[in-house]
Structure formats: structure tokens, C-alpha cells
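Positions are given from 1, in the same order as the sequence printed here.
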Amino acid sequence: MTAGRPAAWREGPGDDTNDEPVEYATLTYERTGRIARITFNRPDQGNSITPDTPLDLTAAVERADLDPRVHVILLSGRGKGFCGGYDLAASAERLMDGDMAGRRDATGTVLDPLVQMANHDPSGTWDPMVDYAMMSRFTRGFAALLHANKPTVAKIHGFCVAGGTDIALHCDQIVIASDAKIGYPPTRVWGVPSAGMWAHRLGDQRAKRLLLTGDCLNGKEAYEWGLAIEAPEPDDLDARTENLVERIATMPLNQLMMVKLALNSALLSQGVENSRMISTVFDGISRHTREGYAFQQRAAAVGFRQAVRERDGAPYDDAGPSTNKG
């Protein structure tokens, strides 16, 4: 019986610290008390997305979801930023050759870089469903954060751009450093946000304001626009995020699940799944237009980073890891 103990409703299973270690290719997993900490772990590559990323993320989220000791899932990144998007230096410069292969043996499937390379050949016939079958597996993996039973929180520092936003916008809460950069510059050429979450998170006009220009927000602007729940100064990011996840973790697990399911019902009724499907199809199309081929060919000739500098040059003048705003 718990009637005689103060705040007994906050109690949960005991804290067994002997968690079995699991190795992931792109991230690490740690549990401290009631908080599962998933951290992208490719800092030298800007935590860029590879075919292993959605598999690792799905597995780690499921691990946290099934652990009765975990009440909240915190997602962050090591190094200079949260996530710089897909490993496009490999795919743009080398037409998705073996450098984009993951640990899974995908030979002959839509996940095989050689299959995608052949489908990408502008001299041949492009099958949009081969592209969709590949990209939809990425976005479904990222959506594990939205569909998890337990609350998910993204802690963003440095940069969260392009495909990195496909991940972060699936989280229930975003805490972002005031000087961080968030946005989807590839809408300027060679990309459409495949997660389809921008209008659902920002509303129609603000989403269009960003995606019709490829402009980014800094963290302070993201908070002012309602994209993030907090935008502390960089030195306060860890403390403010810890304060939030500790407050969430104190809630009974069943209460957290019921609240998230109830609120997700409103979000999903807006057509999130349809937005994801349509956006993923258009993302594939954007890489197979005349302009998309021109960008890829330029990247192959001068390197992806130089092609991006040209993409983000005048009148935008916002290339690099910051928004270049005060």
C-alpha cells in the first residue's frame, strides 16, 4: 500500500544501473535515472545522416520506450552541432556510390547505393518509386520520435539544418541555443523537407516564408516563431534542458503517455502522414529536375561544399554554420 507515503504517485520501478551496453554506428545510448539520452556520435562529420541513422534511432527509441524506468527521451548531438543533414558530400559528389552504404547488407535493394546511382542517371529512365522506397525508410525512422509512447525532447546547439530538421521536428519539444542555426537551405535546389513537418509546427505562412527562400532562423527567432519551446544562451543550454527533462521525468509514466497520445491525436488529424508521403515524393523529384542535375554535376566537379557555397551565395549570403545574423 502507498497511501501513507507522500507523493507516492511519483514512484516507479527501482533504478538498476546495470544496463546492457549496445553499440550503434551513428549514436550512443545512456540512461540516467528516468531519462534516456540518445546522442548523435559522428562529430567529425557534423553528425550527418547515413543509412544507419534511422535504424539506430528507431532501435534506441524503442529501447527507451520499452524500459519501464524511462519517462522521457532526450536527443542531442556531439561536436559542433546537432545534425548537419544527410551525408551529401558522398551522394552529390559521387552519385550515391558505396560511401553511402550502411552496415546492413542491402545489395540489390532500393537501399543499395548502386541501385540508386543507376536510377539517378540522367541518360536513363528515372523511377520515382525506387527513390521513394529508399527515402521513406529514412523518414519513417525519424518519425519514431513522434510515435514513441514517451515524450521526446531535442536539445539543439550549433546547427540543425536540412535533414537534421527532419529529425528534430519530430520531437515533442525543442530547446535550442539562442545562437544556433535551424532551417532547410536545400529548398533552393535539390531538396524538399521529406518529413513534411514544417507547416504542422509553424503554420502555413511562416513555413512558406522559410521554405520559399531556404532561409534559416537562429535559435532566438525559432523561439519567437514558436518552433522551439526555449532558446537559452549557449552557456545555459544544458542547464535549461536538464531542468525541462527533469520536470517531465517527475510525472507518472502513464500520465505522460496519455497526455502525449491525446495531443498527438490533434497533430495527426492535421494529416502529418500525408504530408510526409507527399513531401518525400517531391524530395525525390527535386533531385531529378534539370536544376537538380545541374547542382549534382557541379558538386561532382568542384566538391559539394563549394556547390553549397554557390547555392547559398547572393542574394542569400548565409552559407556556413551560423545564420550570420546578430
* Heavy-atom pair with the smallest gap, counting every atom of P193 and T187 -> CD-CG2, 3.8 Å
* Structure fact -> To the nearest 0.5 Å, atom OG of S322 lies from atom NZ of K181 at 6.5 Å
* Are D166 and S194 close enough that a side-chain donor and a side-chain acceptor fall under 3.5 Å? -> yes
* Is it true that I73 and V259 fall in one hydrophobic cluster, defined by side-chain heavy atoms closer than 4.5 Å? -> no
* Got a salt bridge between D19 and R63, using NZ or NE/NH1/NH2 to carboxylate O under 4.0 Å? -> no
* To do: Please check if M197 and F159 belong to a single hydrophobic cluster, counting links between Ile, Leu, Val, Met, Phe, Trp and Tyr side chain heavy atoms closer than 4.5 Å.
  => no
* Are H157 and F82 close enough that their ring centres sit under 6.0 Å apart? -> no
* Quick one: does N218's side chain get under 4.5 Å of S178's, heavy atoms only? -> no
* Do Q116 side-chain atoms and V130 backbone N/O form a donor-acceptor pair below 3.5 Å? -> yes
* Closest approach of P151 to H71 (non-hydrogen atoms, all atoms of both residues) -> CD-O, 3.3 Å
* Which word best sums up how the rings of Y86 and F138 line up, parallel for under 30°, tilted for 30 to 60°, or perpendicular for over 60°? -> perpendicular
* Asked: With sequence neighbours excluded, what pairs up with Y316 under the ring pair (Phe, Tyr, Trp, His ring centres under 6.0 Å) test?
  -> none
* Considering non-hydrogen atoms only, spot the tightest contact between I156 and A168 and give its length. => CD1-CB, 3.9 Å
* Asked: Can you tell me if R69 uses its side chain to pair, donor with acceptor, with the backbone of G33 under 3.5 Å?
  -> no
* Quick one: do R276 and D283 make a salt bridge, cutoff under 4.0 Å? -> no
* **Test side-chain hydrogen bond (donor to acceptor under 3.5 Å, both in side chains) applied to R209 - qualifying residues, sequence neighbours left out** => T213, D215
* Structure fact -> Note: V70 and A64 closest approach over all heavy atoms is CB-O, 3.6 Å
* To do: For the pair D112 and T107, evaluate side-chain hydrogen bond (donor to acceptor under 3.5 Å, both in side chains) and give the outcome as yes or no after the intermediate values.
  => CA-CA 5 Å; D112 184 344; T107 304; 4.8 Å; no
* To do: Before giving the answer on side-chain hydrogen bond (donor to acceptor under 3.5 Å, both in side chains), spell out for D172 and T152 the whole-Å C-alpha distance, their side-chain angles and the decisive distance to 0.1 Å.
  => CA-CA 5 Å; D172 301 308; T152 55; 3.2 Å; yes
* Asked: Any link between L27 and L75 through a network of hydrophobic side chains (Ile, Leu, Val, Met, Phe, Trp, Tyr) touching at under 4.5 Å?
  -> yes
* Quick one: do K155 and D238 make a salt bridge, cutoff under 4.0 Å? -> yes
* When T28 is tested against each of R37, E23, R78 for side-chain hydrogen bond (donor to acceptor under 3.5 Å, both in side chains), which residue passes? -> R78
* Structure fact -> For A148 and D65 the tightest heavy-atom approach is CA-OD2, 3.5 Å
* Less than 4.0 Å between a side-chain N and a carboxylate O, is that true for E230 and R240? -> yes
* Asked: How are the rings of H120 and W190 set to each other: parallel, tilted or perpendicular (split at 30° and 60°)?
  -> perpendicular
* **Polar side-chain atom of R305 near backbone of A307 as donor-acceptor pair, under 3.5 Å** => no
* Closest heavy-atom pair and its distance - A106, L111 -> CB-CB, 3.6 Å
* In sequence, state the C-alpha distance, the side-chain angles, and the governing distance for T39 and N41, and then conclude on side-chain hydrogen bond (donor to acceptor under 3.5 Å, both in side chains). => CA-CA 6 Å; T39 309; N41 194 35; over 6 Å; no
* To do: Under the side-chain hydrogen bond (donor to acceptor under 3.5 Å, both in side chains) rule, collect the residues that match up with T58, sequence neighbours excluded.
  => none
* To do: Could you walk me through whether R31 and D67 pass side-chain contact (heavy atoms from CB on, under 4.5 Å), step by step?
  => CA-CA 10 Å; R31 182 188 60 81; D67 188 337; 3.5 Å; yes
* Whether D56 side chain and T26 backbone form a donor-acceptor pair below 3.5 Å -> yes
* Minimum side-chain heavy-atom gap M135-D131 below 4.5 Å -> yes
